[in-house]
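Reading through the structure tokens given below for one structure.
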Amino acid sequence: MCGIVGIIGKSEVAPFLLDGLKRLEYRGYDSAGIATVTAKGIDRRRAEGKIVNLEAAVEKRPIHGATGIGHTRWATHGVPNETNAHPHSDGTVALVHNGIIENFQELRRQLTAQGHVFESETDTEVVVHLISAGISAGKTPKQATQDALQRLKGAFALAILFTGHDGLIIGARKGSPLAIGYGEGEMFLGSDALALAPLTRRISYLEDGDFVVLAAEGAQIFNLLGQPVERDIHITQLSGAMIGKGAYRHFMLKEIYEQATVIGDTLNSHFNPVERTLTLPPMPFDLSAVERVTLVACGTSYYAAMVGKYWIERFARVPVDLDIASEFRYRGSPVEKGGLSVFISQSGETADTLAALRFCRDAEMHTVAIVNAPESTMAREADAVLPTLAGPEIGVASTKAFTTQLIVLACLAIVLGKEKGALDRDGEAALSKALTEIPAYATEVLKSDDHIRSIAQTMLDVADVFYLGRGTAYPIALEGALKLKEISYIHAEGFAAGEMKHGPIAMIDETVPVVVVAPPDELFEKTASNVEEVIARGGRVVFIGDADGVAQFKGKAFATITMPTVKTFAAPILYAIPVQLLAYHIAALKGTDVDQPRNLAKSVTVE
Ligand code: G6P
């Protein structure tokens, strides 16, 4: 992961570098650093932990210069301390890196044998020494960088400073994103356009294998062979305003509450209320000819995909392959030319999902990206984009992106059902109606917040929590467990309710809360039997269901959360909200860093 920023400015760049890094902090917060180059040479400040620590270091010892680079780190190689913090420098060259240099051990051995001395445990430092060796041999910064890039295996976005070259930054991209920002007599580099949004709206994106020589007057872009190439400049629509928490204690809570609105926004972009019909943006292929769908994603987005599989198979009667991106890309799956592959990602940058998209594109499948970041690499590279209109999601644990992904997948299932002739007009109207009711129901569900907080209060000292669900409630159980793990650090597992008896039930005793996601559907009675099995073994059940379901477990369950009675189709979207709130309150009451939990990052651009 990691976020990088580079600025050739007209005045002191340190404050702008720090501001850019704050916008990139979602990419990692293990350490941060900046470096500048002036006539006096390279200077740098680094600090372990979040950017506030770096700010304090810069305040204590200001750093001067109008050309600089910055980095916020998600540690891959080497513990997150100051020595391993970027920028790395040997005095001749300073650079920041996002990605992983896979052949760093071999390069480090060779460079050490040549007398280079390494100070960090990182993979990145080899790039410093490779480029520096070229400079010592008399090469220009451009030539030294180009030659070094040829020797790197893995993924990287780099921004590089050179002693004696105030006003020069070289950037390079392979696998990890890098954007160029064009100012008036100023130039910028950033991991994304968001980092640069307050500085400029004129953005171009490097393509894989590109490197760029940046000077105050402009950018010269080259491919790996050193041939000049042109990349389009466009005007980004991203806002430069910092997103605030409003009156909320955490971004995550704010984002949970925003769901009623953003679910409505996302649905309205596809729904015609007069005709009660759903449409999707035009696709450059024939949806009615789709015989098989492949859904690929990671993390929370994968659980959205799981719900999507149930829906597409049920309403469009089209078989769905479902895969975690990191498995799919290496599985050698026999994908079908002309088949439909759908990639679900909040960030649109997740390395494994992006690689899966490219794999399918190369196999001549049709590719659709369901993304929340409209200018992301996936959005740019897919044949068609189905945006989620969740707005910027800042909390690392995904909430509103998830429920809006579900809305888009629901629309896709319905439209595909129509195109395939599996869903008639009445069927479409009934399903669309169920979707349009969700925003109002979501507002109602949020009223349980205080009650859920009081349940959370009883779960602060537990070691394990199980989540159970059937059908589309099963992915919600998995998502509930993931949310809890991510932000409270309590061990949690989600299970298909029917699988409990095949092993997990051995773990049940009075110390293990079991959260049951049980909407009133045709599977309810079966789930209810599984709940009885848990209660019979002393399990502490937290039952989430409608009034009838709750009545069935009154006096037997440890706690209940009453949901509005909704159509089965809409249930997973609404039942996501109480499991999000439960995880949130447990974590907030425990006092963990809810928005930036340890060891995680929001956008994972390494394998
Ligand atoms: C990271 C985030 C998760 C997210 C996953 C996939 O692990 O912490 O919240 O679900 O990446 O991210 P994507 O941007 O592809 O949805």
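These numbers come from the heavy atoms of this one structure, side chains and all, not from hydrogens, waters or symmetry mates. For the single chain, residues carry numbers from 1 onward in sequence order. Note that ligands are numbered from 1 as they come in the structure, with each ligand's atoms numbered from 1 the same way.
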* Classify the angle between the aromatic ring planes of F495 and F466 as parallel (below 30°), tilted (30 to 60°) or perpendicular (above 60°). => perpendicular

* To do: On the 0 to 90° scale, with breaks at 30° and 60°, tag the H71-H86 ring pair as parallel, tilted or perpendicular.
  => parallel

* Hey, does the side chain of Y302 reach the backbone of I344 with a donor-acceptor pair shorter than 3.5 angstrom? -> no

* **Heavy-atom closest pair, residues L386 and V408** => CB-CG1, 3.6 Å

Distance filter under 4.0 Å to [X] heavy atoms, resulting ligand 1 atoms:
X	answer
S345	13 (P), 14 (O), 15 (O), 16 (O)
S301	10 (O), 13 (P), 16 (O)
K602	1 (C), 2 (C), 11 (O)
T300	10 (O)
V396	8 (O), 9 (O)

* To do: Check the side chains of E349 and S376 for a donor-acceptor pair under 3.5 angstrom, ignoring hydrogens and angles.
  => no

* Would you check if there is a donor-acceptor pair between the side chains of S398 and E393 at a distance under 3.5 Å? => yes

* Asked: Which one of T266, L406, L278, I263 satisfies the side-chain contact (heavy atoms from CB on, under 4.5 Å) criterion with L435?
  -> L278

* Test I573 against every option in I407, T404, T472, I476 by the side-chain contact (heavy atoms from CB on, under 4.5 Å) rule and name the one that passes. => I407

Minimum-distance protein heavy atom relative to [atom]:
atom	result
atom 3 (C) of ligand 1	E486 OE2, 4.1 Å
atom 15 (O) of ligand 1	T350 OG1, 2.4 Å
atom 7 (O) of ligand 1	V604 CG2, 3.8 Å
atom 5 (C) of ligand 1	C298 O, 4.1 Å

* Asked: Does an N or O anywhere in T353 fall below 3.5 Å from an N or O of ligand 1?
  -> no

* **Within-cut-off N or O pair, A601 and ligand 1, under 3.5 Å** => yes

* Asked: Side chain, backbone, both or neither: which part of A297 has a heavy atom under 4.0 Å from ligand 1?
  -> neither

